[in-house]
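Report on one structure; see the data block that follows.
Keep in mind that the numbers below use all heavy atoms, side chains included, and drop hydrogens, waters and symmetry copies. Along the sequence shown, residues carry numbers from 1. Everything quoted here is computed from the prediction, not taken from an experiment.
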Amino acid sequence: MTSQELFANICRKKTFLCVGLDTDLKKIPQHLLAEEDPIFAFNKAIIDATADLCVAYKPNLAFYESLGVTGWQALEKTVNYIRENYPDQFLIADAKRGDIGNTSEMYARTFFQHFNFDSVTVAPYMGEDSVKPFLGYEGKWVILLALTSNKGSHDFQFTQDEEGERLFEKVLRKSQEWGSTDTLMYVVGATQGIMFADIRKVAPEHFLLVPGVGAQGGDLNEVCKYGLNSKCGLIVNSSRQILYASKETDFAAAARREAGKVQADMETILRSNNLIG
């Protein structure tokens, strides 16, 4: 999927919502525990309820890896279900990988060849040779960690060199030598607010994956005020607010209501910025 195709999908569906599939066995409705595969049963219901309201799904690999082989099986079934039933969805493996070149190649093979994700989140700390193996797959994306929303982001990401360039700015600037606006996105936490203006000075055309709206306290309007570009340029993720809107048998309907609220807000933002008619 190219950036133009992604933008076309955003315009068609009038949303740039990504639903984060951070599926926690301890938080899903208890009646699902009687299912043969509770994780997949939950995911399938959420996907069916929200697919017309979003353009992407983002399974967080930690929630699946924590369950061992059964978690990996649930993940594979989830990805296959989306591919077969909702092929227009952009699939993000939130794995935050990054290692020496031959190890990164194995990670890339895992997520792009075996699971057929569209993209994978990657940590930039080890530099170009740890990222390049992920960029060798046609039509696939690297989503590089740039400026995260956690408290510890200030430990390293805001440190400055002698010229006053902050580390996250260096990551943005240097990494653009490795890939294009059709192969590279960046993770920028929603709680960073006005910092999106600084991000856009360095990376004006790239898509940004924005976690942290909803339960983590990020403000959608502030993100869009500083981060929106002429092709939207944002994929905004919401996980807990949608997934766990209800713990009863109406959980899928409740998830749809929450996703619908976000989609409606996004449609208003897209219209007010003349990105859709």
Side-chain angles (χ1 to χ4, degrees), residues 1 9 13 15 17-97 106-122 137 140-141 143 209 211 213-216 235-260 262-263:
M1 186 179 292
N9 209 25
K13 300 180 85 171
T15 181
L17 173 64
C18 172
V19 175
L21 296 174
D22 301 0
T23 308
D24 187 342
L25 204 57
K26 296 180 179 180
K27 293 182 178 180
I28 66 174
Q30 291 298 295
H31 74 276
L32 291 177
L33 299 180
E35 296 281 344
E36 180 181 354
D37 188 338
I39 296 294
F40 176 65
F42 179 81
N43 286 353
K44 179 180 179 297
I46 293 292
I47 292 160
D48 288 339
T50 60
D52 62 321
L53 303 172
C54 66
V55 295
Y57 288 102
K58 182 178 71 66
N60 185 318
L61 270 291
F63 290 84
Y64 302 86
E65 292 171 330
S66 68
L67 299 173
V69 66
T70 58
W72 282 101
Q73 289 169 342
L75 175 65
E76 188 164 22
K77 285 191 281 187
T78 297
V79 172
N80 290 341
Y81 184 77
I82 296 170
R83 286 288 183 223
E84 291 168 6
N85 294 278
Y86 306 103
D88 64 339
Q89 293 291 340
F90 186 77
L91 294 183
I92 302 167
D94 191 2
K96 300 180 180 69
R97 299 302 200 257
M106 293 298 104
Y107 284 137
R109 188 180 302 177
T110 297
F111 297 114
F112 293 152
Q113 287 189 358
H114 181 80
F115 283 101
N116 195 24
F117 278 98
D118 292 297
S119 60
V120 61
T121 56
V122 176
Y137 289 79
K140 304 296 187 181
W141 293 74
I143 308 181
L209 173 62
V213 167
Q216 290 177 258
I235 299 176
V236 174
N237 181 80
S238 181
S239 300
R240 285 172 284 174
Q241 178 181 352
I242 293 172
L243 294 187
Y244 306 121
S246 171
K247 292 187 177 182
E248 305 302 326
T249 56
D250 68 339
F251 72 96
R256 180 171 180 80
R257 284 195 297 272
E258 289 301 316
V262 180
Q263 184 276 329

Could you give me the CA-CA distance, side-chain angles and deciding distance for Ile235 and Lys58, then say whether side-chain contact (heavy atoms from CB on, under 4.5 Å) is met? CA-CA 11 Å; Ile235 299 176; Lys58 182 178 71 66; over 6 Å; no
Using the side-chain contact (heavy atoms from CB on, under 4.5 Å) rule, take Asp94 and Thr121 through it: C-alpha gap first, then chi angles, then the decisive distance, then the call. CA-CA 5 Å; Asp94 191 2; Thr121 56; 3.0 Å; yes
Would Phe63 and Ile39 count as a side-chain contact (heavy atoms from CB on, under 4.5 Å) here? Give the steps. CA-CA 10 Å; Phe63 290 84; Ile39 296 294; over 6 Å; no
Would you sort out whether Ile82 and Tyr57 count as a side-chain contact (heavy atoms from CB on, under 4.5 Å), showing the intermediate values? CA-CA 9 Å; Ile82 296 170; Tyr57 288 102; 3.9 Å; yes
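When all heavy atoms of Pro59 and Leu75 are compared, the pair lying nearest together is CB-CD1, 3.7 Å. The two residues Ala49 and Ala252 come nearest to each other via the heavy atoms CB-O, 3.5 Å. Residues Phe117 and Val79 share a closest heavy-atom pair of CZ-CG2, 3.5 Å. Shown here for Leu61 and Ala95, the closest heavy-atom pair between the two residues is CG-CB, 4.1 Å. Residue Asp22 comes nearest to Leu243 through the heavy atom pair N-CD1, 3.5 Å, listed as atom of the first residue, atom of the second, then distance. A pairwise comparison of heavy atoms in Ser239 and Gly20 identifies OG-CA, 3.3 Å as the closest pair.
Between the Gln89 side chain and the Ala51 main chain, a donor and an acceptor come within less than 3.5 Å of each other. With hydrogens and angles ignored, the 3.5 Å screen pairs a side-chain donor or acceptor of Asn9 with a backbone N or O of Asp88. The closest donor-acceptor contact from the side chain of Lys13 to the backbone of Cys54 lies under 3.5 Å. Ser238 places no side-chain N or O within 3.5 Å of a backbone atom of Cys18 that could act as its donor or acceptor partner.
Contact of the Val55 side chain with the Thr15 side chain is registered, since non-hydrogen atoms from C-beta on lie closer than 4.5 Å. A heavy-atom distance below 4.5 Å is found between the side chains of Ile47 and Thr78. Counting heavy atoms from C-beta outward, Thr50 and Leu17 have side chains that stay 4.5 Å or more apart. Taking the side chain as every heavy atom from C-beta outward, Lys140 and Asn116 approach each other to under 4.5 Å. Side-chain contact between Phe111 and Ile92: absent, with no pair of heavy atoms (C-beta onward) separated by less than 4.5 Å. The side-chain heavy atoms of Asn43 and Tyr81, taken from C-beta on, include no pair separated by under 4.5 Å. Side-chain atoms of Phe40 and Gln73, non-hydrogen and from C-beta on, never get closer than 4.5 Å to each other.
Note: Ser66 OG to Leu25 CG = 8.5 Å, rounded to the nearest 0.5 Å. In this structure, Phe90 CZ and Ile143 CD1 are separated by 5.0 Å, a value rounded to the nearest 0.5 Å. Between Lys26 atom NZ and Leu33 atom CG the span is 12.0 Å, to the nearest 0.5 Å. Annotation: the span from Tyr64 atom OH to Thr70 atom OG1 amounts to 12.0 Å, rounded to 0.5 Å. Interatomic distance, CD of Gln30 versus CD of Glu248, reported as 9.5 Å (0.5 Å rounding). Rounded to the nearest 0.5 Å, atoms CE (Met106) and NE2 (His114) are 14.0 Å apart.
Looking only at atom types and distance, the side chain of Asp48 has a donor-acceptor partner in the side chain of Tyr86 under 3.5 Å away.
In this structure, Phe42 and Tyr244 have parallel ring planes: the angle between them is below the 30° cut-off, well short of the 60° mark.
The residues Arg97 and Glu65 are annotated as salt-bridged, a charged nitrogen and a carboxylate oxygen being separated by less than 4.0 angstrom. By the 4.0 Å N-to-carboxylate-O rule, Asp250 lies too far from Arg256 to be salt-bridged with it.
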